[in-house]
Amino acid sequence: QVQLVESGGGLVQAGGSLRLSCAVSGLTFSSYAMGWFRQAPGKEREFAASINFSGRSTFYADSVKGRFTIYRDNAKNTVYLQMNRLKSEDTAAYYCAAGSRTSMRADAYDYWGQGTQVTVSS
């Protein structure tokens with residue numbers, strides 16, 4: 001059974017940093033692209049970042065570019081999202097996903113975690 005388990009969410013002050021982790025099991029992690037998406041209350045799920053199977057290619061939404069970094073450790077079957085200079089508008093539930101290729105479309109991903117809440121206070 002494929003499992004994606006996010007962790008690292010919490011409450012942080014605006015301007016602060018947080019690192020999210022997503023531990024993956026039940027699939028060949030190094031063969032999958034990974035993505036991070038987020039969803040704020042009352043809003044559509046939106047793309048945040050993605051990374052290809054090797055970690056050599058990354059993609060970011062304009063809203064997070066320059067502040068967030070996605071990276072992966074294939075030896076640990078884990079993908080991370082380092083979030084710096086957080087803003088109140090970053091407040092959302094953050095989800096990691098696995099798919100056959102990188103995409104900013106949520107429907108391109110095959111497996112999803114349960115999410116972890118990030119709340120940025122001003």
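This one's a predicted model, so the numbers in the text were calculated from it and none came from an experiment.
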Closest non-hydrogen atom pair between [X] and [Y], with its separation:
X: Val118; Y: Met83; result: CG2-CE, 3.8 Å
X: Thr116; Y: Gly9; result: OG1-N, 3.2 Å
X: Thr102; Y: Ser50; result: CB-OG, 3.7 Å
X: Arg72; Y: Ser54; result: CD-C, 4.3 Å
X: Tyr109; Y: Ser103; result: OH-O, 2.6 Å
X: Tyr32; Y: Thr28; result: CD1-O, 3.1 Å

task = Check side chain to side chain donor-acceptor pair (under 3.5 Å) between Tyr71 and all other residues, then give those that pass, not counting sequence neighbours.
result =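 Result, side chain to side chain donor-acceptor pair (under 3.5 Å) vs Tyr71: Arg19.
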request  = Quick one: list whatever passes side chain to side chain donor-acceptor pair (under 3.5 Å) with Asn77, sequence neighbours left out.
outcome  =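 Testing Asn77 for side chain to side chain donor-acceptor pair (under 3.5 Å), a comparison that skips the adjacent residues, returns none.
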request  = Could you walk me through whether Thr69 and Tyr60 pass side-chain contact (heavy atoms from CB on, under 4.5 Å), step by step?
outcome  = CA-CA 8 Å; Thr69 303; Tyr60 298 94; 3.7 Å; yes
request  = Return the set of residues passing ring-ring contact (aromatic ring centres under 6.0 Å, His included) with Phe29 (not counting sequence neighbours), or none when no residue passes.
outcome  =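 None.
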ask   = Under the ring-ring contact (aromatic ring centres under 6.0 Å, His included) test, which residues partner Tyr95, sequence neighbours left out?
value =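 So Tyr95 forms no ring-ring contact (aromatic ring centres under 6.0 Å, His included) with any residue.
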query = Do Thr78 side-chain atoms and Lys76 backbone N/O form a donor-acceptor pair below 3.5 Å?
reply =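 Yes, the answer is positive, given that a donor and an acceptor are paired below the 3.5 Å cut-off.
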Using the rule that Ile, Leu, Val, Met, Phe, Trp and Tyr join whenever any side-chain heavy atoms are under 4.5 Å apart, tell me whether [X] and [Y] fall into a single cluster.
X: Val2; Y: Phe53; value: no
X: Leu18; Y: Met34; value: yes
X: Val12; Y: Tyr80; value: no
X: Leu20; Y: Met104; value: no
X: Phe37; Y: Ile70; value: no

ask   = What do the steps show when you test Ile51 against Ser57 for side-chain contact (heavy atoms from CB on, under 4.5 Å), and what is the final call?
value = CA-CA 6 Å; Ile51 188 166; Ser57 297; over 6 Å; no
query = Please walk me through it: do Glu6 and Ser21 pass side-chain contact (heavy atoms from CB on, under 4.5 Å)?
reply = CA-CA 5 Å; Glu6 300 97 335; Ser21 300; over 6 Å; no
ask   = Crowded around Phe47 CZ? As in, over 12 foreign heavy atoms under 6.0 Å?
value =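 Count over threshold, so yes.
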ask   = Does a sphere of radius 6.0 Å around CD in Gln114 hold more than 12 heavy atoms from other residues, nucleotides or ligands, not counting ones at 6.0 Å or beyond?
value =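 Open: at most 12 neighbouring heavy atoms sit under 6.0 Å from CD of Gln114.
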task = Using the salt bridge (charged side-chain N to carboxylate O under 4.0 Å, His left out) rule, collect all pairs that involve residues 33-55, keeping only residues at least two apart or in two chains.
result =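 Checked against salt bridge (charged side-chain N to carboxylate O under 4.0 Å, His left out) - neighbours excluded - the pairs reaching residues 33-55 are Arg38-Glu46, Arg38-Asp90.
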task = Keeping to residues at least two apart or across chains, list the salt bridge (charged side-chain N to carboxylate O under 4.0 Å, His left out) pairs with something in residues 55-66.
result =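 Not a single pair qualifies under salt bridge (charged side-chain N to carboxylate O under 4.0 Å, His left out).
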query = How many angstroms lie between atom OG of Ser121 and atom CG of Leu86, to the nearest 0.5 angstrom?
reply =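 It is 10.0 Å, given to the nearest 0.5 Å.
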ask   = Atom CG in Asn74, atom OG in Ser31: separation rounded to 0.5 Å?
value =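 Here the interatomic distance stands at 9.0 Å.
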request  = Walk me through it: do Phe68 and Leu81 pass the test side-chain contact (heavy atoms from CB on, under 4.5 Å)?
outcome  = CA-CA 7 Å; Phe68 291 11; Leu81 186 67; 4.0 Å; yes
